[in-house]
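Notes follow once the structure below has been shown.
What you see is a predicted model; the values in this text were computed from it and never measured. Only heavy atoms go into these numbers, but all of them, side chains included; no hydrogens, no water, no symmetry mates. Throughout, protein chains are lettered first and strands after them, A, B, ... in sequence-line order, and every chain is numbered starting at 1.
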2 protein chains.
Amino acid sequence: MKDVALLAGVALKTVSRVVNEEPGVNPATAVRVREAIERLGYRRNEGARLLRSGRTASIGLVIEDVGDPFYSGLFRAVEDVARRHGSLVFAGSSGEDPVRERELVLAFCARRVDGLVVVPAGEDHAYLGPELAAGMGVVFADRPAGNLAADTVLVDNRGGARAGTAHLISYGHRRIAWLGDSPAIFTAAERLRGYRTALAEAGLPYDPCLVASGATTTEAARAALDRMSALADPPTAIFTGNGRATIAALRALGPRRYALAGFDDFEPADLLGVTVVAQDPVRLGHTAAGLLFARLAGDRDAPREIVLPTRLIPRGSAERPPA
Amino acid sequence: MKDVALLAGVALKTVSRVVNEEPGVNPATAVRVREAIERLGYRRNEGARLLRSGRTASIGLVIEDVGDPFYSGLFRAVEDVARRHGSLVFAGSSGEDPVRERELVLAFCARRVDGLVVVPAGEDHAYLGPELAAGMGVVFADRPAGNLAADTVLVDNRGGARAGTAHLISYGHRRIAWLGDSPAIFTAAERLRGYRTALAEAGLPYDPCLVASGATTTEAARAALDRMSALADPPTAIFTGNGRATIAALRALGPRRYALAGFDDFEPADLLGVTVVAQDPVRLGHTAAGLLFARLAGDRDAPREIVLPTRLIPRGSAERPPA
DNA sequence: CTGAAAGCGCTTACAG
DNA sequence: CTGAAAGCGCTTACAG
């Protein structure tokens with residue numbers, strides 16, 4: 001900017017005015033400045049500008065994996081909202097590691113992002129206290145924060161899993177296997193709870209032999225299904241706790257003809273005729289980002305918790321009686 | 001930092017030294033400073049720091065859609081490389097819009113990112129000239145840049161499509177339909193070229209009636225297949241130009257029993273038994289980011305162009321003679 | 001309509 | 001081992 005001022009023969013402040021399209025600049029002067037800008041290929045340094053103004057017009061997004069279809073859908077929605085507010089998005093993957101989550105969050109804070117949308121991997125978020133106090137917006141998505149009062153957007157995991165399990169029960173299944181993530185993960189624990197609720201409501205016993213937590217790979221799913229098939233009273237249906245578990249189960253099923261319903265919709269689930277309990281990552285992202293920008297716009301209400309509904313989509317894999 | 005210095009009763013510079021873990025600070029002083037930092041919840045402002053040092057330890061990534069599985073895989077790979085180099089990633093979606101691409105790129109430049117990985121939507125990248133001259137690293141991925149000499153990582157689209165089409169031909173197909181994106185998109189044009197090459201090499205005529213460009217939605221695919229089925233000499237096989245076209249074609253096929261092979265692998269393609277020509281988005285991202293950080297480390301060689309191979313994965317949908 | 005001075009939060013280069 | 005001064009590239013607040 002100094003160089004531009006020199007070349008145009010004006011003061012720094014005048015260049016600043018032209019760049020910011022502030023009124024009250026002689027048109028002829030403005031033209032001279034713009035020519036100099038063009039000639040020098042000058043681009044304003046946003047970092048320097050924002051050092052004064054306080055805001056960085058950027059937000060940080062921490063998700064489990066930017067490459068995962070569910071979270072990348074969420075990202076897309078956050079991006080859209082951010083863009084509408086003139087904000088850029090730093091995004092990073094925690095990989096379900098609390099240490100990495102903290103690193104990322106603090107790196108974003110050090111860049112002085114205006115706000116943060118976080119899918120928490122860890123349980124402890126007290127370290128965000130100073131940021132919150134300093135006016136940074138923080139919204140947790142998909143899972144609640146550990147020990148920090150902040151806006152949160154969740155999905156009705158329990159209700160969805162309950163509905164999916166009840167759906168299988170309504171077709172006459174009494175032995176329903178559960179394949180899903182470790183209950184150390186909030187959403188998995190909630191869904192397992194929904195599964196148990198549906199069983200209880202139907203007067204069915206909860207049988208730990210039918211529960212495979214951590215069975216989200218093909219190998220693990222196969223092992224679990226092999227074990228369960230060998231039971232005296234094997235399952236006739238499966239409820240899978242997330243998209244990865246569903247695909248793993250489908251791969252592992254082989255010739256077994258169990259009914260199946262799964263949590264999470266995925267792109268060609270319709271082609272596979274898989275019945276799912278769908279959650280909406282785009283709506284999740286929209287809602288979380290909406291909350292964040294409302295805070296940044298000055299909303300000072302108490303922290304909110306929003307719970308989004310799920311939707312059962314019957315496609316054939318679940319709608320059959322026990323073989 | 002000023003507040004910390006005040007509270008600890010030292011000069012600004014001493015706080016700076018402690019924060020940067022520079023040697024030569026009295027341990028007792030350091031402890032006092034660290035206490036003040038803790039008490040105040042102080043976090044160094046990276047933006048201010050980098051204003052002096054020049055580097056921002058961040059890069060920008062422009063892809064077509066952060067929510068698309070192919071590009072989000074690329075993102076994940078770029079993130080991993082960036083992380084290894086201590087860099088954060090701004091990411092944004094161009095939505096195949098050259099104007100939006102330019103906006104994003106310039107917004108990243110204004111934030112003074114150290115480098116850029118761009119999947120170009122537009123044809124003109126001369127506007128990046130000043131940045132390149134100023135030492136910013138720029139790598140184009142998936143598609144070549146318009147009119148700027150910069151590192152580029154591509155996929156062997158032509159060779160892949162040629163191999164996929166030849167695969168269908170090897171099973172006796174002579175009438176092979178093409179469903180894909182508009183040839184205005186570089187990768188689509190290249191793949192169409194590969195399809196034509198395979199036909200020519202087999203002595204088969206190129207029939208425009210069998211080519212549906214823009215057929216990447218279920219409706220468009222259905223319309224195209226309806227039209228082609230009604231031909232006097234209908235196709236017996238389909239080659240789809242990308243993942244979306246493959247899924248659209250599968251949805252549109254209905255009772256028609258065409259052989260099918262498609263460009264792009266997708267998550268449960270194995271469950272659907274779909275034969276694909278797979279490209280590797282993770283490798284694409286790794287390679288592009290690797291090139292970028294090599295530049296940032298001082299590599300001054302002439303711009304490179306790297307072309308990555310594809311891999312044909314037979315899964316059943318293509319391996320059958322004409323009905 | 002235009003500009004000189006001070007300052008955003010930090011580091012660099014130098015002095016003690 | 002510690003600090004006062006200048007400056008990174010910009011804006012704010014004020015004066016002319």
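At a cut-off of 3.5 angstrom, counting only N and O atoms as typed in the model, there is no donor on one side facing an acceptor on the other between the side-chain of R52(B) and the base of dG9(C). Put simply, the side chain of R17(B) and the base of dG3(D) share a donor and an acceptor less than 3.5 Å apart.
Using a 4.0 Å cut-off, no side-chain N or O of N45(B) falls inside it from OP1 or OP2 of dC8(C). When the side-chain nitrogen and oxygen atoms of S16(A) are compared with OP1 and OP2 of dC10(D), none of them lie within a distance under 4.0 Å. Contact annotation: T14(B) reaches the phosphate of dG3(D) (side-chain N/O to OP1 or OP2, under 4.0 Å). Here T29(A) reaches the OP1 or OP2 of dT2(C): one of its side-chain N or O atoms lies under 4.0 Å away.
For dC1(D), the paired nucleotide is dG16(C), the pair qualifying as Watson-Crick or G-U wobble because both relevant distances are below 3.5 Å.
What separates CZ of R49(A) from C1' of dC8(C) is a distance of 13 Å, to the nearest Å. Distance CG (L6(A)) to P (dG9(D)): 14 Å, rounded to an integer number of Å. Between the C1' atom of dG7(D) and the CE atom of M1(A) lies a distance of 16 Å, rounded to the nearest Å. Between the CZ atom of R32(A) and the C1' atom of dT2(C) there is a distance of 11 Å, rounded to whole Å. Atom CG in L12(B) sits roughly 15 Å away from atom P in dA6(D) (whole-Å rounding). Computed from coordinates, the R111(A) CZ to dG9(C) P distance equals 18 Å when rounded to whole Å. When rounded to the nearest whole Å, the span between CD1 of I37(B) and C1' of dC10(C) equals 13 Å. Rounded to whole angstrom, the span from the NZ atom of K13(A) across to the P atom of dC10(D) amounts to 13 Å.
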Quick one, D181(A) with N242(A), criterion side-chain hydrogen bond (donor to acceptor under 3.5 Å, both in side chains). Give me CA distance, side-chain angles, the key distance, then yes/no. CA-CA 7 Å; D181(A) 251 326; N242(A) 66 23; 2.8 Å; yes
Stepwise side-chain hydrogen bond (donor to acceptor under 3.5 Å, both in side chains) test for D68(A) and S72(A): CA-CA 6 Å; D68(A) 179 275; S72(A) 69; over 6 Å; no
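Partner of R304(A) under the side chain to side chain contact (heavy atoms under 4.5 Å, CB included) criterion, chosen from D151(A), V139(A), T152(A): D151(A).
Relative orientation of the F90(A) and F90(B) rings is parallel, given thresholds of 30° and 60° on the angle between their planes.
Checking dA4(C), dG9(D), dC1(C) against every side-chain atom of L51(B), the shortest atom distance belongs to dG9(D).
Among the protein residues, V19(A) comes within range of no part of the nucleic acid, since none of its heavy atoms lies under 4.0 Å from any strand.
Toward the 5′ end of DNA chain D lies the nearest nucleotide of V10(B), the other residue of the pair A48(A) and V10(B) mapping further downstream. Both R112(B) and V25(B) lie close to DNA chain D; mapped to their nearest nucleotides by heavy-atom distance, the more 5′-ward contact belongs to V25(B).
Under a 3.5 Å cut-off, the side chain of E131(B) and the backbone N or O of M136(B) do not form any donor-acceptor pair.
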